[in-house]
Amino acid sequence: MALLPILCFPDPRLYTVAKPVAAVDARIRALCRDMTETMYEAKGIGLAATQVDVHECLIVIDVSDKRDQALVLINPELVWRSPERHLNEEGCLSVPGIYDGVERFDAVRVRACDATGQLRTIEATGLLSVCIQHEMDHLLGRVFVEYLSPLKRNRIKTKMLKAQREAER
């Protein structure tokens, strides 16, 4: 297994729309393992392939307390969403140290393949629902800061660019 570098906002590669995974093969299973290890190492609860510069429809998530229930969603498709929505505080491994409110559906139903290629349907509420929606946004080339006001988004962009310049010194 290998740790993968995570792209940081405002890297333009984060805006790339992911393509469907053609086949769940050894390469994809290895990517699932590497992404899961990267997510755990970064202390995250979700990671989309887009964030590690792989532009295929693949997400790993683990919202469990013990961090031992990784969920793999390959080619996820949102098939239902609740009419109710709530504002939730979100953060992102691609926007480290930034948290803000984003309105999401309370519950969703997603159809996706797991790491074995088996098609599954998952009903999610609470944190899992929020995480699935957040990670699926990455596959569409969206970062959560796009839900914020232009003023907030520009302040975050300036802060992230400054941090990147300082890290390069």
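Remember, it's a predicted structure, so these values are computed and weren't measured experimentally. We number each residue from 1, following the sequence as shown. Only heavy atoms go into these numbers, but all of them, side chains included; no hydrogens, no water, no symmetry mates.
- Side-chain atoms of Glu146 never come within 3.5 Å of backbone atoms of Arg142 as a donor-acceptor pair (strictly under, hydrogens ignored).
- Phe9 approaches Met160 most closely through the heavy-atom pair O-CB, 3.3 Å.
- Residue-environment remark: CZ (Arg109) exceeds the threshold of 12 foreign heavy atoms within 6.0 Å.
- Minimum interatomic distance between Thr38 and Ala2 (heavy atoms only, all atoms of both residues): OG1-O, 3.8 Å.
- Not one N or O on the side chain of Gln51 forms a donor-acceptor pair closer than 3.5 Å with the backbone of Ile6.
- In terms of the side-chain hydrogen bond (donor to acceptor under 3.5 Å, both in side chains) criterion, residue partners of Lys152 (sequence neighbours excluded) are, by chain and number, Asp100.
- Taking all atoms of both residues into account, the shortest heavy-atom contact from Glu90 to Phe144 is O-CE1, 3.5 Å.
- Asp11 has a carboxylate O that lies under 4.0 Å from a charged side-chain N of Arg13, or vice versa, which qualifies the two as a salt bridge.
- The number of heavy atoms from other shown groups lying within 6.0 Å of CG (Asp68) is above 12.
- Looking only at atom types and distance, the side chain of Asp53 has a donor-acceptor partner in the side chain of His55 under 3.5 Å away.
- By the rule that hydrophobic residues join a cluster once side-chain heavy atoms approach within less than 4.5 Å of another member, Val21 and Met35 end up as members of one cluster.
- The salt bridge (Lys or Arg N to Asp or Glu O under 4.0 Å) check on Arg155 picks up nothing, with sequence neighbours excluded.
- Using a distance-only test at 3.5 Å, with no hydrogens or angles considered, a donor-acceptor pair links the side chain of Ser82 to the main chain of Ala107.
- In this structure a side-chain-to-backbone donor-acceptor pair under 3.5 Å is missing from Glu37 to Asp34.
- Counting non-hydrogen atoms of other residues, nucleotides and ligands closer than 6.0 Å to CZ of Arg81 gives a total of 12 or fewer.
- Here the rule is side chain to side chain contact (heavy atoms under 4.5 Å, CB included) with Thr50, and of Leu139, Val143, Val17 only Leu139 fits it.
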What side-chain donor-acceptor pairs closer than 3.5 Å can you find for residues 24-32, not counting sequence neighbours?
from	atom 1	to	atom 2	distance (Å)
Asp25	OD1	Arg27	N	3.3
Asp25	OD1	Ile28	N	3.1
Arg27	NH1	Glu56	OE2	2.9
Arg27	NH2	Glu56	OE1	3.0
Arg27	NH2	Glu56	OE2	3.2
Arg29	NH1	Val24	O	3.2

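- Tracing side-chain contacts under 4.5 Å through hydrophobic residues (I, L, V, M, F, W, Y), one reaches Val63 starting from Phe105; they form part of the same cluster.
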